[in-house]
Amino acid sequence: MRFKRTRLSLAIVCLITVCSFAKAQVVTIPVETIHNALVLQTDARKNLKMVYFGAKLSNAAEYAAIKKLYKPNDDSGILDDAYTPSGSANLAEPALTVTHADGNKSLDLLYVNHTITKADDNVSLLTITLKDPAYPFEVKLYYKTFYKEDVTEQWSVITNNEKGIVTLNKYASANLNFKKEGEGFWLKHYHGNWASEMKPEESKLTHGIKTIDSKLGTRANLYEPSTFMISMGKPATEDEGKVFLGSLEWSGNFRVDFEYDPADNLRLIAGINNAASEYRLKPGEEFTTPALVYTYSDHGRGDASRQLHRWARQYKIVDGNGSRLTLLNNWESTYFDFNEAKLAQLIKDTKKLGADMFLLDDGWFGNNHPRNGDNAGLGDWQENKLKLPNGISSLVKEAQANGVKFGIWIEPEMVNPASDLYKAHPDWVIKEANRPEKYFRNQLVLDLTNPKVQDFVFSVVDNLFTRNPDLAYIKWDCNAVIYNAHSQYLKKDQSHLYVDYVKGLYKVLDRVRARYPKVPLMLCSGGGGRVDYGALKYFTEYWPSDNTDPLERIFIQWEYSYFFPAIASSNHVTDWGKQPIKFRVDVAMMGKMGFDIVVGKLNDKDLGFCQQALKNYDALKDVIWHGDQYRLQNPWDNDAAALMYVNDSKSKAVVFNYLVNNRYGTGTKSPIRFKGLDPQKKYTVKEINLYPGSGSVLHDNQVYTGDFLMAVGINPEISSYHTSVVLQLDAVN
Ligand code: DGJ
């Protein structure tokens, strides 16, 4: 087996259904969550079809009647397969294309049986076995449902039972079919680049295939992430409409095809990008594809995103229901130019500010090739003796002496040609021996398909913790893409490189988590080049973008927030942008707050404001991290953006309002309606994060019912004089 997924450890295992291949009757398989259902059904030939997706029916027996209500959607009946094979009777865009051991390229997949296992009351796993009647070739489809969260993870496992090698030419994780709906389907997807992540575009899908993909290898989301949103029937709004949110749990090349088919249905095929990535399976080997995670709501994007957030906190990101550390980072205040004395001051500043931890960024390592710029040192993970003669351990102690924690930056997958590592192990580097080296940020990517490289990358982390057991945090960066994709280790299996790289990365991260299960890790990739749930399974938080201009961040954080929960969004206050410190802090507060400024340069008022804001954050972080998020007014269409968080018991909430348009006279002319409150409860509404010396524009401590706040709202009086306003709501008895 080349690529095996960790099996579910099932607390309760119950075999619900086992249908034998011999029986000819139609089999209907509903995949239900609390509100939704996806229904699969066999036809007379035992082809498995996806016949329904949408609101769950109250009588599950009626799912069986759905398919016959639709006229065949095409002459060939090929457009609604649950997992489309290629090269036989099915001519539609395939989920799976193979070359059999004998060179034959045809594939047919027929239903054999299915089982449902329950991990607990909330989590179930449906497994459906499909087999080719002509070849000993098997595919298992997996649908793991999170009932209360309305979330499904879907993937496939492909097994070669033939006598020779089978090549997988395309191997999708999931193939979904959505029946014709209203005016059609709208796809919202994202593009971007360094410092301009998550730029949305939404358009109506026209007939044919629209594909979003990445071929960058590492930093795969630099130009485009695999996260997307489909509105069905008409464009969904925050609170209305049918909407599907999806994201591939994979940190490498991906491909998602959206085919608006001739019958006006939508076919979705998502998985690893097969470009230059044919995968050979030896006899008896299986290949597990990464999961596509998705959720659906017929109450708009807000509801769908809250479902995904709940799932991510409960089941995916590390310590999703736990706590996080506020921090002071030195990247923007020192870049590579620091020494022990400077850092000792920054550690003191961390304490003075009131943050939990000091995070030492890039530049602390390399001796023969000191890391004094981005052109040397990557790979040589020894403290630079000139900058840090007493090593990291003395800094950890310094932090402890000052009552704060200490964290550190690494980029262990990378190497600069100017490094001892490169000279010692040229065979560990991904490059074409016969071509000139091509660098991205002056660096190359280490070959994580090679177990020795995996050991090395693991040792970078392990050595840091072994030598510094009190190290509290790691920021894991990844700044280069893969050029000249060639692995000396893979020899004749070069087309496995992109896949086995990610697999190697996950092996390392598995080892890190096995030994250090709790330690907070930040997922960074020169900004948001690797924000996906495949990686977030190992991390506590991600770095959305190097662009920390708060105005830009409002838009970037807004778009990420549809897919990833606030607790995972690292938002730092920096000197980017022209906005006052209050605005910068208020924007950082809508997620996991940190600072990357020169505290020593803050005037007394700015410092006092930041210190107070951290105290306010302390009192509200539980609501922001673990509460429900409601987007009230989007930054794209309004002068002011507003969003809020409400805790589970609806006793506490916080509302963030930001001016996003600087033209004359802009601001909030009318109240902004709140969401998610208890209409029966009464709430005090108080402005917090007031800049020293300035009063609130609101009448303090006014009490309103949740009903009033949701039907009428509050005008936060956003204007060029009050560019950001943070409101705290507390239920009164
Ligand atoms: C890119 C990251 O996004 C930055 O935050 C910083 O850590 C630099 N790398 C350091 O080289």
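Whatever order the structure lists them in is the order used to number ligands and atoms, beginning at 1.
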Is K578 salt-bridged to D549, going by a charged N under 4.0 Å from an acidic O?
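D549 and K578: not salt-bridged.
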Below 4.0 angstrom, N of the basic side chain to O of the carboxylate: do D586 and K582 qualify?
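A salt bridge links D586 with K582.
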For ligand 1, run through the N/O pairs with the protein that fall under 3.5 Å and put one pair on each line.
| residue | atom | partner | partner atom | Å |
| --- | --- | --- | --- | --- |
| ligand 1 | 3 (O) | G527 | N | 3.2 |
| ligand 1 | 3 (O) | D546 | OD1 | 2.4 |
| ligand 1 | 3 (O) | D546 | OD2 | 3.1 |
| ligand 1 | 5 (O) | K475 | NZ | 2.8 |
| ligand 1 | 5 (O) | D546 | OD1 | 3.4 |
| ligand 1 | 7 (O) | D361 | OD1 | 2.7 |
| ligand 1 | 7 (O) | D361 | OD2 | 3.4 |
| ligand 1 | 7 (O) | W409 | NE1 | 3.1 |
| ligand 1 | 7 (O) | K475 | NZ | 2.9 |
| ligand 1 | 7 (O) | D477 | OD2 | 3.4 |
| ligand 1 | 9 (N) | D477 | OD2 | 2.7 |
| ligand 1 | 11 (O) | D362 | OD2 | 2.6 |
| ligand 1 | 11 (O) | R441 | NH1 | 2.9 |
| ligand 1 | 11 (O) | R441 | NH2 | 3.0 |

Classify the ring geometry of W558 against Y562: parallel below 30°, tilted from 30° to 60°, perpendicular beyond 60°.
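The rings of W558 and Y562 stand perpendicular, inter-plane angle above 60°.
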Audit row: L497, H486, side-chain contact (heavy atoms from CB on, under 4.5 Å) steps and yes/no
CA-CA 7 Å; L497 174 55; H486 183 91; 5.5 Å; no
Mind checking side-chain hydrogen bond (donor to acceptor under 3.5 Å, both in side chains) for W311 and listing every partner two or more places apart, or none if nothing turns up?
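W311: no side-chain hydrogen bond (donor to acceptor under 3.5 Å, both in side chains) contacts found.
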Less than 4.5 Å apart, side chain to side chain, heavy atoms only: is that true for Y533 and Y315?
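Y533 vs Y315: side chains apart.
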